[in-house]
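Notes follow once the structure below has been shown.
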Amino acid sequence: MSFVVKNNITWVGKLDWELREFHGAEYSTHKGSSYNSYLVREEKVALIDTVWSLYAQEFVDNLEKEIDLHRIDYIIANHAEIDHSGALPALLARIPDTPIYCTENGVKSLKGHFHKDWNFRIVKTGDTLDLGNGKQLVFVEAPMLHWPDSMLTYLSGDAVLFSNDAFGQHYASEKMYNDLVDQDELRAECLKYYANILTPFSPLVTAKIKEVLSFNLPLDMICPAHGVIWRDNPAQIVEQYLAWADDYQENQITLVYDTMWNGTRHMAEAITRGIRAADPTVEVKMFNLALSDKNDVLTQVFKSKGVLIGSPTVNNGMLPQVAALLEEMRGLRFRGKYASPFGSHGWNGGAVDRIGERLEEAGFNVASGIKALWKPTEDALADCVAFGQRIAQEWRGGAEPANVIERTAAATQPAPARPAPKPAAAAVRNTLPQSASAMRCRVCGWTYDPAQGSPAQGIAAGTPWSDLPDTFLCPECFLGKSVFEPLHRMPNGAGATTAAAAHSAPVVIVGGGSATYQLVRAFRALDPHTPVVVVTADDGADYSKPQLVHGFSRKLGAADFVERTAAQLAHEFGITIRPHTRVDAIDQQRKTVRIGAETLPYRDLVLALGANPWIPPLEGNATDRMITLNNLADYENYLRHVSAGERVLVIGAGLVGTEIALDLAEGGQQVWLTDSSPHSLAKLLPEFVSRHLEATLAQKGCRLHLGHRVTALDSSGGAITAQLSDGTTVEIDTVIAAAGLRPRTALAGAAGLRINRGIQVDSYLRSSAEHIYALGDCAEIEGLVLPFMQPLALSAQALAKTLAGEPTPLCLPAMPTVVKTPALPIQVGGRTVTDGLSWTVEGDESGLTGKAHNGDGELVGYVVTGVHLSNGAALLQQLPALL
Ligand SMILES: Cc1cc2nc3c(=O)[nH]c(=O)nc-3n(C[C@H](O)[C@H](O)[C@H](O)COP(=O)(O)O)c2cc1C
């Protein structure tokens with residue numbers, strides 16, 4: 001079969017009605033396919049692409065009926081995949097010297113497949129090949145659409161684009177033109193093709209289409225390499241691709257599950273009832289994976305705003321088809337979609353947890369899921385209905401506030417497996433006052449309510465904020481008035497970018513933790529217009545990280561810590577937030593950052609990357625079971641682990657380890673706390689206070705193993721056996737590494753910035769490269785790494801001024817460190833563990849005050865505990881400034 005497409009262009013491909021599986025068994029082709037090859041006969045003759053190797057001989061034989069093979073002057077290989085290049089060996093056996101035009105990567109791929117040194121001619125975007133009669137072929141490289149070698153070829157004069165895989169479909173039809181075939185079938189196959197093959201490359205699709213459109217070439221036809229030719233309004237499929245590439249979704253929720261005894265199916269049906277009841281407008285689709293075509297399911301995932309993935313637990317994992325689907329979902333890199341796991345189980349229900357983790361890894365905004373035991377009872381099904389209702393409501397928002405490029409996580413609730421009544425988020429704060437003129441400490445969240453005053457500091461009820469003395473300090477974190485802001489924040493969108501400012505290069509902030517949002521807030525107060533882009537690997541929500549270590553005993557779920565989602569923050573401050581996005585590289589010369597294939601320019605770049613927990617190198621087969629608690633995503637994982645077993649080993653008796661240990665003990669866990677130092681908080685506390693703290697820890701039930709390292713973790717499946725350096729072994733269910741933090745410096749180091757322990761910056765927080773700053777836990781400021789909230793807040797204030805055009809050095813007063821162990825609150829300031837200190841100590845078990853003096857008798861440090869805590873503020877003010 002052959003037919004004339006237009007003028008001197010003839011289709012010479014292969015129509016494959018029988019094809020039912022493609023890419024091995026990876027892609028179902030219910031409607032067959034075609035491998036399109038085109039012969040262009042002008043003064044010169046060009047053959048564009050060939051067919052699958054299975055049909056190579058048939059192709060050459062048919063081509064020979066169309067043309068004397070030796071009259072073919074050029075072969076164009078738009079793409080080296082076997083379904084387009086597979087006939088090249090047979091063809092070149094007949095015309096061996098014919099030049100093959102392809103990209104540089106095309107040569108590599110073709111050689112990689114055929115191991116032949118053919119007459120390759122490398123082309124680049126914009127290169128042309130004259131065919132005579134006033135017509136030229138124009139080449140456009142399209143790397144990673146969908147292989148590195150891909151390219152498009154445009155025939156001028158006829159205005160035909162040979163687009164290879166782009167705009168194609170696996171669809172066999174004798175009619176071969178878009179206007180002649182069944183429109184529903186055609187749309188369905190195009191959608192399936194895009195969803196299953198092109199989704200990961202969506203950002204490139206958009207960029208490439210815009211590039212081609214910018215050439216302003218007339219377009220009469222698109223001739224893809226599979227399926228029908230677009231001759232009727234070819235722009236329609238281009239526009240459709242732009243829409244699909246733009247994080248496409250419809251008002252649809254899709255449930256996908258597998259089941260052995262139908263428990264999980266009953267859950268799915270009940271969840272569906274809940275969704276329908278809460279939102280009758282939403283389209284709900286449900287698939288039993290074992291009975292469904294995987295590609296059809298993935299197409300429906302592509303169309304959805306949210307997905308629910310269910311599996312029973314088998315051997316503490318999920319059923320393999322569900323695991324396989326999740327692996328594909330990860331690779332397809334869907335963006336801006338919600339997800340949640342569910343499933344029935346008999347005893348430990350690990351499937352739901354694992355599905356949640358996989359969904360997270362796949363880039364979905366994951367809400368906690370729901371588990372049910374065995375065949376769900378009526379009550380359990382009622383819970384599923386309620387769960388469906390909640391999900392439908394949370395996912396209902398749909399429309400994204402401007403500036404948020406990817407949807408952010410819906411508020412999650414504690415996993416239902418955790419029998420925790422959920423206290424209000426305010427449980428981690430002091431009681432919220434009603435007064436409109438209340439002021440809130442941005443560092444710790446304590447709020448000053450003029451109606452109540454602050455009796456502990458001698459400030460009477462009714463004292464307005466403006467009347468407080470300049471020496472006023474926050475009673476929680478001891479910072480001054482400058483870190484307070486009105487509780488009732490600026491109205492939504494007040495910081496919206498003006499049209500004029502929107503055209504200037506933005507301030508780009510990499511990282512989405514407290515440092516970032518404190519900076520944004522301070523900057524917006526000074527500069528409401530300069531565009532700000534926050535690029536963050538997590539979901540971009542603002543939450544109180546120091547409070548995470550107190551969450552277990554208070555029965556808080558991860559969502560309880562979230563103060564505002566990324567969408568809310570973006571709206572409030574008029575900024576762009578790009579959650580679940582990583583910066584791959586910085587080009588300090590060009591003042592750009594690279595995000596995948598995208599290049600983002602910056603006016604100023606702020607690295608607020610935070611720090612990684614240090615994982616001690618241990619022996620044994622269970623070292624991968626160590627978990628950490630360093631961010632909100634960690635917290636969900638931490639809750640899952642500590643809820644699943646009661647015995648917990650905390651490695652590291654520093655600030656974080658001690659607080660975690662006490663909180664877990666408070667929450668009823670059996671806790672072992674180890675450290676190679678002989679004392680707790682050895683880097684912060686003098687020994688006499690450490691002993692006091694250790695007595696409190698022991699009284700709360702923590703078992704201390706200080707002065708001994710953990711050397712190995714082993715497990716034969718369930719419990720973990722920890723081996724200590726003194727020969728002791730401890731049997732536990734969970735191991736938490738809390739042995740310190742290491743600033744994240746890799747991105748800055750790769751860009752050539754000066755690195756020592758952290759990213760080195762001066763007192764203006766300037767790195768060694770112009771217009772690049774570092775802030776927070778990743779920074780080393782004048783030699784100091786200060787991973788605490790107070791220096792961070794002050795750094796953010798100073799940097800905001802600098803970025804707003806008023807260069808401002810960071811001044812750090814003496815600052816207290818507060819050990820938030822409710823059983824024994826401790827505050828430390830200045831030098832407390834260096835040599836040459838002489839201590840005077842007053843007090844008893846209820847609390848003490850220790851003052852450290854140097855050899856000249858000057859006060860250089862202090863520690864106050866328990867009922868002596870109120871002495872801290874006065875001592876702090878006597879200490880010299882830090883910077
Ligand atoms: C081979 C097998 C292994 C199982 N392993 C686990 C397990 O490790 N943990 C668990 O909680 N339940 C386990 N179960 C119990 C199932 O999760 C339970 O029967 C569940 O209700 C099945 O859900 P379904 O009705 O949706 O298939 C297992 C069941 C089978 C048949």
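Just so it is clear, the model here is predicted, and its values are computed rather than measured. Ligands are counted one by one from 1 in listed order, and the atoms in each one are counted from 1 as well.
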Q) side chain to side chain contact (heavy atoms under 4.5 Å, CB included) with Glu361: which residues, sequence neighbours excluded? A) Arg330, Arg358

Q) Taking only heavy atoms of Asn316, which atoms of ligand 1 are found under 4.0 Å from at least one of them? A) 7 (C), 8 (O)

Q: Pick out which of Glu18, His170, Glu189 makes a side chain to side chain donor-acceptor pair (under 3.5 Å) with Ser33.
A: His170

Q) So, Asp560 and Lys555, do they make that salt bridge, N to O below 4.0 Å? A) no

**Q.** Closest non-hydrogen atom pair, Val297 against Ser292
**A.** CG2-CB, 3.8 Å

Q) Would you say ligand 1 has an N or O under 3.5 Å from any N or O of Gly349? A) yes

Q | Side-chain donor/acceptor of Tyr171 to backbone N/O of Ala188, under 3.5 Å | A | no

(Q) List ligand 1 atoms under 4.0 Å from Trp374, heavy atoms only on the residue side. (A) 15 (C), 18 (C), 19 (O), 21 (O)

(Q) Under 6.0 Å between ring centres: does that hold for Phe302 and Tyr194? (A) yes

Q.
Please compare Thr313, Asn262, Thr259 and report which has the shortest non-hydrogen distance to atom 17 (O) of ligand 1.
A. Thr313

Q. At a 4.0 Å threshold, what atoms of ligand 1 neighbour a non-hydrogen atom of Gly263?
A. 24 (P), 25 (O), 26 (O)

Q. Among all protein non-hydrogen atoms, which one is nearest to atom 12 (N) of ligand 1, and what is the separation to 0.1 Å?
A. Gly346 N, 3.1 Å

Q) Starting from atom 11 (O) of ligand 1, which protein heavy atom do you reach first, and at what distance in Å? A) Trp347 N, 2.7 Å

Q | Heavy-atom nearest option to atom 20 (C) of ligand 1, drawn from Ser344, Gly343, Ala268, Gly350 | A | Ser344

Q: Report, in ascending order of atom number, the atoms of ligand 1 lying under 4.0 Å from any heavy atom of Asn315.
A: 3 (C), 4 (C), 5 (N), 6 (C), 7 (C), 8 (O)

Q.
I need the nearest protein heavy-atom contact for atom 29 (C) of ligand 1: residue, atom name and distance, please.
A. Met260 CE, 3.8 Å

Q.
Checking side-chain polar atoms at under 3.5 Å, does Asp663 have a donor or acceptor matched by the opposite partner on Ser553?
A. yes

Q) What is the nearest protein non-hydrogen atom to atom 9 (N) of ligand 1, stated with its residue, atom name and distance? A) Asn348 OD1, 2.7 Å

Q. In Å, rounded to the nearest 0.5 Å, how long is the span from CE of Met626 to CG of Leu649?
A. 9.5 Å

Q | Qualifying salt bridge (charged side-chain N to carboxylate O under 4.0 Å, His left out) pairs, either residue in residues 270-286, two or more places apart | A | Asp279-Arg396

Q) Less than 3.5 Å between some nitrogen or oxygen of Asp258 and one of ligand 1, yes or no? A) no

Q. Is the shortest N/O to N/O distance between Pro312 and ligand 1 below 3.5 Å?
A. no

Q) Nearest to atom 1 (C) of ligand 1, what protein heavy atom do you find, and at what distance? A) Val314 CG1, 4.2 Å

Q. Should you measure from each heavy atom of Trp261, which atoms of ligand 1 turn up under 4.0 Å away?
A. 24 (P), 25 (O), 27 (O)

**Q.** Interatomic distance, Thr623 atom OG1 to Leu618 atom CG [nearest 0.5 angstrom]
**A.** 7.0 Å

